> 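Supplied in structure tokens, the structure appears directly below.
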Amino acid sequence: MRKNKDKCSIEECGSAHINRLQRSNSRCTSITYEHKHLELGGGIYADLTGEEYVADFLLPNFYFHLVTTYSILRSVGVPIGKKDYMLHLMPKVKQSAI
């Protein structure tokens, strides 16, 4: 839980995103069979199947915001890098015998 509404640690931000993904993941099977009417502004819209909505709008939008957040954090001096995104692979990392 965030103590200061203006700032959060990397762990808090990451766990918040993971919680959102887990909640949306549990609904994915029902989403894929639905249709989504997506208002794009200016009187234009897109009618998408659930699969199109997830693959063509939701995931690209999520990754855009993830990368933008990463860039902002780096620009203000937060020591964050690729290793912070790849920690889930640590149990599979091995040392080769050279």
Side-chain angles (χ1 to χ4, degrees):
M1 191 56 84
R2 215 186 297 180
K3 294 175 186 168
N4 182 338
K5 290 184 180 182
D6 295 331
K7 296 180 181 178
C8 70
S9 70
I10 292 172
E11 292 83 11
E12 289 171 325
C13 292
S15 69
H17 288 297
I18 289 168
N19 288 338
R20 280 189 210 102
L21 282 173
Q22 287 172 336
R23 283 195 309 269
S24 65
N25 219 12
S26 65
R27 296 181 2 201
C28 275
T29 53
S30 63
I31 288 175
T32 57
Y33 297 108
E34 296 177 11
H35 278 72
K36 180 75 174 170
H37 180 83
L38 186 62
E39 292 287 338
L40 300 171
I44 59 174
Y45 65 92
D47 282 324
L48 306 170
T49 66
E51 287 182 33
E52 290 170 329
Y53 175 72
V54 171
D56 299 335
F57 179 78
L58 188 68
L59 286 175
N61 199 31
F62 169 77
Y63 284 113
F64 166 79
H65 286 90
L66 179 69
V67 170
T68 302
T69 301
Y70 170 83
S71 299
I72 291 168
L73 291 172
R74 288 293 301 257
S75 74
V76 296
V78 175
I80 188 172
K82 192 173 191 175
K83 67 177 173 28
D84 297 301
Y85 291 97
M86 307 301 278
L87 289 176
H88 64 283
L89 292 176
M90 287 308 294
K92 298 177 186 231
V93 173
K94 297 175 177 59
Q95 179 75 38
S96 61
I98 297 177

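Keep in mind it's a predicted model, so treat the numbers as computed, not measured.
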> Would F64 end up clustered with L59 when hydrophobic side chains under 4.5 Å apart are linked, directly or stepwise?
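Different clusters.
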> Could you tell me the separation between the NZ atom of K92 and the CE atom of M86, rounded to the nearest 0.5 Å?
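It is 11.5 Å, given to the nearest 0.5 Å.
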> Under a 4.5 Å cut-off applied to non-hydrogen side-chain atoms, are K36 and D47 in contact?
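Heavy-atom side-chain distance check fails, nothing below 4.5 Å.
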> Taking a hydrophobic cluster as the set of Ile, Leu, Val, Met, Phe, Trp and Tyr residues connected by side-chain heavy atoms closer than 4.5 Å, whether directly or through intermediates, do V76 and Y70 fall within one such cluster?
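Per the 4.5 Å side-chain linkage, V76 and Y70 are co-clustered.
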> Has T68 got a side-chain atom pairing as donor or acceptor with H65's backbone, closer than 3.5 angstrom?
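Absent.
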> Same cluster or not: L58 versus Y45, using hydrophobic residues (I, L, V, M, F, W, Y) connected whenever any side-chain heavy atoms lie under 4.5 Å apart?
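Different clusters: L58 never reaches Y45 through Ile, Leu, Val, Met, Phe, Trp or Tyr contacts under 4.5 Å.
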> Quick one: side-chain contact (heavy atoms from CB on, under 4.5 Å) partners of L40, sequence neighbours excluded?
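By the side-chain contact (heavy atoms from CB on, under 4.5 Å) rule, L40 matches L38, I44, A46.
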> Is there a donor-acceptor pair under 3.5 Å between the side chain of D56 and the backbone N or O of Y53?
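Here the side-chain-to-backbone pair does not exist.
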> For P79, does its backbone N or O pair with a side-chain atom of R74 as donor and acceptor, under 3.5 Å?
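Flag not set: sc R74 to bb P79 has no pair under 3.5 Å.
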> If every non-hydrogen atom of P60 is compared with every non-hydrogen atom of A55, which pair is closest and at what distance?
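Distance-wise, the nearest heavy atoms are CD-O, 3.4 Å.
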> Linking I/L/V/M/F/W/Y whenever any side-chain heavy atoms sit under 4.5 Å apart, do V54 and L66 land together?
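Yes, one cluster joins them.
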> Does one hydrophobic cluster hold both L48 and Y63, with members joined at side-chain heavy-atom distances below 4.5 Å?
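Yes, because L48 and Y63 connect within a single hydrophobic cluster, where side-chain heavy atoms sit under 4.5 Å apart.
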